[in-house]
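Structure, as structure tokens:
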Amino acid sequence: AICLNGMRYAPNDIALGVLSSYFDKELEYPDFTKKLAELTEAQLNRCAGKYTSSNFPLDISVVIKQGVMFAEAKGQTAFPLEAHSEAVFRFDPAGILMEFKPSADGKTMTGFKLTQMGASYDFLKE
């Protein structure tokens, strides 16, 4: 049995780690000492907006609530994003990586690349 209460890691990754350990396979341990980027509300607001993709069926809205950035695909539940830099955000329970692209002047983001389960999708800000 595996208890994942309070974990912010994808259950599948935990199960694969346990199986790798049991079968003496190489195991990559998570780095629990790595700190997340601490961004100001102004830095987060650069990413806020509605984004669309020509090859992904749902629009994604990015909003800031009480200093936390959330992404929400149309018709889906919003999920919090962890900042790894000013432009890189993750939601590890679903294996989501969002890499934002800054505008030429750096004042806003023009879009992002979403990567999940080995597939990548380009989004543009409306």
Side-chain angles (χ1 to χ4, degrees):
I2 299 172
C3 179
L4 302 174
N5 188 19
M7 301 288 295
R8 291 181 301 169
Y9 293 94
N12 189 59
D13 291 346
I14 301 294
L16 288 174
V18 170
L19 290 170
S20 295
S21 177
Y22 179 79
F23 289 108
D24 293 323
K25 301 286 184 187
E26 188 172 322
L27 178 60
E28 184 178 326
Y29 290 94
D31 182 359
F32 293 108
T33 63
K34 186 176 180 181
K35 290 188 174 188
L36 297 175
E38 293 182 21
L39 303 180
T40 65
E41 191 121 358
Q43 289 171 308
L44 292 173
N45 280 327
R46 293 173 55 213
C47 300
K50 184 177 178 182
Y51 296 84
T52 60
S53 174
S54 62
N55 62 347
F56 192 83
L58 303 173
D59 295 345
I60 294 180
S61 294
V62 175
V63 297
I64 314 306
K65 297 177 186 174
Q66 299 178 334
V68 177
M69 191 159 88
F70 289 85
E72 181 178 358
K74 187 174 183 174
Q76 305 292 316
T77 303
F79 52 89
L81 295 166
E82 294 181 334
H84 289 260
S85 74
E86 283 190 53
V88 177
F89 295 82
R90 299 179 64 101
F91 181 63
D92 286 334
I96 294 173
L97 172 66
M98 294 171 72
E99 299 171 281
F100 286 83
K101 301 169 188 167
S103 61
D105 63 7
K107 292 183 181 179
T108 188
M109 298 297 184
T110 60
F112 63 82
K113 180 170 104 175
L114 182 142
T115 304
Q116 184 180 26
M117 296 175 58
S120 293
Y121 308 94
D122 291 315
F123 284 78
L124 294 175
K125 193 178 223 178
E126 284 191 343

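Keep in mind that what you see is a predicted model, and the values were worked out from it rather than measured. What's counted below: heavy atoms across the whole structure, side chains too, no hydrogens, waters or symmetry copies.
Atom OG of residue Ser120 and atom CG of residue Leu97 lie 8.0 Å apart, to the nearest 0.5 angstrom. Remark: Asp122 CG to Thr115 OG1 distance equals 8.5 Å, nearest 0.5 Å. Interatomic distance, CE of Met69 versus CD of Glu82, reported as 11.0 Å (0.5 Å rounding). Within the model, atoms CG of Leu81 and SG of Cys47 stand 9.0 Å from one another, a figure rounded to the nearest 0.5 Å. Going from atom OH of Tyr51 over to atom OG1 of Thr110 covers 8.0 Å, rounded to the nearest 0.5 Å. Here Ser53 contributes atom OG and Tyr121 contributes atom OH; the two are 8.5 Å apart, rounded to the nearest 0.5 Å.
Within 6.0 Å of CD in Glu38 there are 12 or fewer heavy atoms belonging to other residues, nucleotides or ligands. In this structure, Lys101 places its NZ atom where more than 12 heavy-atom neighbours from other residues, nucleotides or ligands lie under 6.0 Å away.
Applying the salt bridge (Lys or Arg N to Asp or Glu O under 4.0 Å) test to pairs two or more places apart or on separate chains, those with a residue in residues 53-68 are Lys50-Asp59.
Checked by atom type and distance alone, the side chain of Ser21 never pairs as donor or acceptor with a backbone atom of Gly17 at under 3.5 Å.
Phe79 pairs by the ring pair (Phe, Tyr, Trp, His ring centres under 6.0 Å) definition with Phe91, not counting sequence neighbours.
Residue Ala83 comes nearest to Leu36 through the heavy atom pair O-CB, 3.5 Å, listed as atom of the first residue, atom of the second, then distance. Closest non-hydrogen pair, Gly67 versus Leu44, comes out as O-CD1, 3.3 Å. The two residues Gln116 and Ala94 have their closest heavy-atom pair at NE2-O, 2.8 Å. The two residues Ser85 and Leu39 come nearest to each other via the heavy atoms O-CD1, 3.6 Å. Of all non-hydrogen atoms in Ile60 and Ala71, the two that sit nearest each other are CG2-CB, 4.2 Å.
At a threshold of 4.5 Å between non-hydrogen side-chain atoms, the residues Arg90 and Met98 do not count as touching. Under the 4.5 Å side-chain criterion, counting only non-hydrogen atoms from C-beta, Thr77 is not in contact with Glu72.
Each of Val63 and Met109 belongs to its own hydrophobic cluster when Ile, Leu, Val, Met, Phe, Trp and Tyr are linked at side-chain heavy-atom distances under 4.5 angstrom. Clustering ILVMFWY residues whenever any of their side-chain heavy atoms sit less than 4.5 angstrom apart, transitively, puts Phe89 in a cluster other than the one holding Leu124.
In this pair, Phe112 and Phe123 present their aromatic rings parallel. The plane angle is below 30°, not in the 30 to 60° band.
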